[in-house]
Amino acid sequence: MQMTRAIALIDVNNFYVSCERVFNPRLEGKPVVVLSNNDGCAVARSNEAKALGVKMGQPWFQLKDWAQRRGIAAYSSNYALYADMSNRVMNILAAFSPRQEVYSIDECFLDLTGFKAQDLTLHGQRIRRRVRQWTGLPVCIGIGPTKTLAKLANHIAKQYPESGGVCNLNDASPQQRYEWFSRIAAGEVWGIGRRLVPQLRGIGIKTVLDLQRACPVAMRARFSVVMEKVIRELNGVACIELEEIAPPRKQIVSSRSFGVPVSDLASLEEAVSLYTRRAAEKLRRQQLFAGSVYVAIRTSPFNTREQYYANGMIIPLPAPSADTIRLTKAALWGLRRIYRSGYRYQKARVMLTGLVGMNDRQCDLFGLAEGNKSGKLMEVMDRINAWMGNGTLKLASEGFRQPWKMKQANRSPSYTTNWDELICVAD
DNA sequence: ATCACGGTTTGCA
DNA sequence: CTAACGTGCAAACCGTGAT
């Protein structure tokens, strides 16, 4: 007889906020938010901040004065810290199953098939305790026969404190599931975003239960194949497999807003150079080569008093490359073509596309692939930067003062990845 | 009329 | 003093030219 699959979704509660709290316990029990890049929007909120009404993605400038009056602590995002804490959590969780999919910076799926359903809830508690003890981070765990149901179970574990942080749908009674599914809004389901919610409501689908009972074939015709999979998964039929090895990326993006509006070409060149280097580093880490470079700039879409300008272009390369120097030359060439003076630019973006693996590369017209010399040079660059800190070795076109750099008014120290910042705290 | 292609837009997290 | 709103990725969509 076929055993019911047991997929667990483990998710750190309010991840960025919880990371800040590990190193600053005074934040415990207080309203805290963490802001997106450039201190733009609130992207992580403690439960206390949620209770005060801070919305996900709310622009910080609208919130700032009010938030400070209410005593809400606000942090700029510190990705070095969060990435390191994430690695620690993922390593701990990996010990609980041979099959793990790291789904995002704060979430992973584990295949726990084989445990008795009743034992799994206890097992979940053990997992929670270990992560808490070894990292200081609180996690919730959802368990179900499909990834979509595991996600939903995780939501239930978060919503209902009486669950003790673990919700195991495989061991819940049909009545209990009915009660939950009829109470939870359809929009909470993985893959049902804010655009679909009103459309679903229009055809009478408001709750998870409504969606579960919808006809997958008809819904596929009306919406998309994604919708069909969501419905089948809600009914315990696995349509989305565990991806233990991440499939190779099809594009790599580096895109950032500026701290202040930028009008001159020279500053844009610096920013594009930096973004290209970051994208190229990601490219080499994944052992890939890019067939073309896309570069784009735009003014603020929110500023209605000024003329909006956005433009971008694709620069095909003669042969796939992973060389920061070549990629930067291409990006800057494109930038000079799309640049128009007289605008106040707010964002630049570099995207590497046409990605191929080392052995799938096509040569250029003259039968030349990118030489080994460039590979060696990049290897040396990457090693020096890994050893002495990212950005130690870079192209001069990135500039040095970089007055356009993004705002980070209140970033915490990189406690776990930078000795200098740690010593600074001890003082 | 249909298809493959590529570039652009939409949607999600 | 004023102005200030993220990023990464892939699926869906759409227009085009070829057949």
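Atom set for the values below is all heavy atoms of this structure, side chains included, hydrogens, waters and symmetry mates excluded. Protein chains get the first letters and strands the later ones, always in sequence-line order, with residue 1 at the start of each.
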Which of these nucleotides, B/dC12, C/dG8, B/dA13, is closest to any side-chain atom of A/Val253? C/dG8
Select base, sugar-phosphate, or nothing to describe what A/Val43 touches, counting heavy atoms under 4.0 Å on all strands. nothing
Rounded to whole angstroms, how far apart are CD1 on A/Ile240 and C1' on C/dA10? 14 Å
Are any side-chain N or O atoms of A/Asp111 and backbone N or O atoms of A/Gln100, one a donor and one an acceptor, separated by less than 3.5 Å? no
With a 3.5 Å distance limit and no angle check, can you tell me whether A/Thr392 reaches the backbone of A/Met388 through a side-chain donor-acceptor pair? yes
Under 4.0 Å from OP1 or OP2 of C/dA4: is there any side-chain N or O of A/Asn38 that close? no
Anything under 30° is parallel, anything over 60° is perpendicular, the rest tilted; go ahead and classify A/Trp190 against A/Phe109. tilted
Would you please say whether a donor-acceptor pair under 3.5 Å links the side chains of A/Thr148 and A/Glu233? yes
Any A/Arg249 side-chain nitrogen or oxygen under 4.0 Å from OP1 or OP2 of C/dA10: yes
To the nearest Å, how far apart are A/Met227 CE and B/dC12 C1'? 13 Å
Please step through side chain to side chain donor-acceptor pair (under 3.5 Å) for the pair A/Asn24 and A/Tyr75, ending with a clear verdict. CA-CA 12 Å; A/Asn24 189 352; A/Tyr75 285 83; 3.3 Å; yes
Closest to the 5' end of DNA chain C, once A/Ile252 and A/Phe61 are matched to their nearest nucleotides, is A/Phe61
Looking across every strand, which nucleic acid part, if any, lies under 4.0 Å from A/Gly191 by heavy atom: base, sugar-phosphate, or nothing? sugar-phosphate
Keeping the roles fixed (side chain from A/Thr135, backbone from A/Arg132), state whether a donor-acceptor pair exists under 3.5 Å. no
Using a 4.0 Å heavy-atom cut-off, does A/Ser254 contact any base of the nucleic acid, only the sugar-phosphate backbone, or nothing at all? sugar-phosphate
Has A/Arg256 got a side-chain N or O lying under 4.0 Å from the OP1 or OP2 atom of C/dT7? yes
Can you tell me if A/Ser257 touches the phosphate of C/dT7, counting only side-chain N or O atoms and a distance under 4.0 Å to OP1 or OP2? yes
Ring pair (Phe, Tyr, Trp, His ring centres under 6.0 Å) between A/Phe302 and A/Tyr308, worked out: CA-CA 9 Å; A/Phe302 301 105; A/Tyr308 179 71; 9.8 Å; no
For B/dC12 and C/dG6, measure between their C1' atoms and round to the nearest Å. 14 Å
Length of the CE-P vector between A/Met406 and C/dA3, whole Å: 24 Å
Rounding to an integer number of Å, can you tell me how far A/Gln251 CD sits from C/dA10 C1'? 7 Å
Using a heavy-atom cut-off of 4.0 Å across all strands, would you classify A/Lys250 as base, sugar-phosphate, or nothing? sugar-phosphate
What is the distance, rounded to the nearest whole Å, between atom CZ of A/Arg298 and atom P of C/dT7? 9 Å
Nearest to the A/Gln62 side chain among C/dC9, C/dC5, B/dG11, which nucleotide is it? C/dC5
Report the end-to-end axis angle of the helix from B/dA1-C/dT19 to B/dA13-C/dT7; each axis comes from five terminal pairs, and the value is rounded to 10°. 20°
Does the side chain of A/Ser300 get closer than 4.0 angstrom to OP1 or OP2 of C/dC5 through an N or O atom? yes
Does atom NZ of A/Lys64 have more than 12 heavy-atom neighbours, drawn from other residues, nucleotides or ligands, at distances under 6.0 Å? no
Per A/Cys41 side chain, nearest of listed nucleotides C/dA4, C/dC9, C/dG6: C/dG6
Which part of the nucleic acid, if any, lies within reach of A/Arg349 when heavy atoms closer than 4.0 Å are counted: base, sugar-phosphate only, or nothing? nothing
Whole angstrom value for the distance that separates C1' of C/dT7 from CG of A/Asp106: 15 Å
If each of A/Met56 and A/Val225 is mapped to the nucleotide of DNA chain C with the nearest heavy atom, which maps nearer the 5' terminus, i.e. the 5' end? A/Met56
Side chain of A/Tyr103 only, heavy atoms from C-beta on: which candidate in C/dG8, B/dA13, B/dC12 is closest? B/dA13
For A/Trp190, answer base if it contacts any base atom (sugar-phosphate contacts may also be present), sugar-phosphate if it contacts only those atoms, and nothing otherwise; contact means non-hydrogen atoms under 4.0 Å. sugar-phosphate
Under 4.0 Å, counting only non-hydrogen atoms across every strand here, what does A/Ile314 touch: a base, just sugar-phosphate, or nothing? sugar-phosphate
Taking atom NZ of A/Lys329 as the centre, does the number of heavy atoms from other residues, nucleotides or ligands within less than 6.0 Å exceed 12? no
Just the rounded figure in Å: distance from P of C/dA4 to CD of A/Gln346. 9 Å
Would you kindly give the NZ-to-P distance between A/Lys407 and C/dC5, to the nearest whole Å? 7 Å
Which is true for A/Asp39 with a 4.0 Å heavy-atom rule: it touches a base, it touches only sugar-phosphate, or it touches nothing? nothing
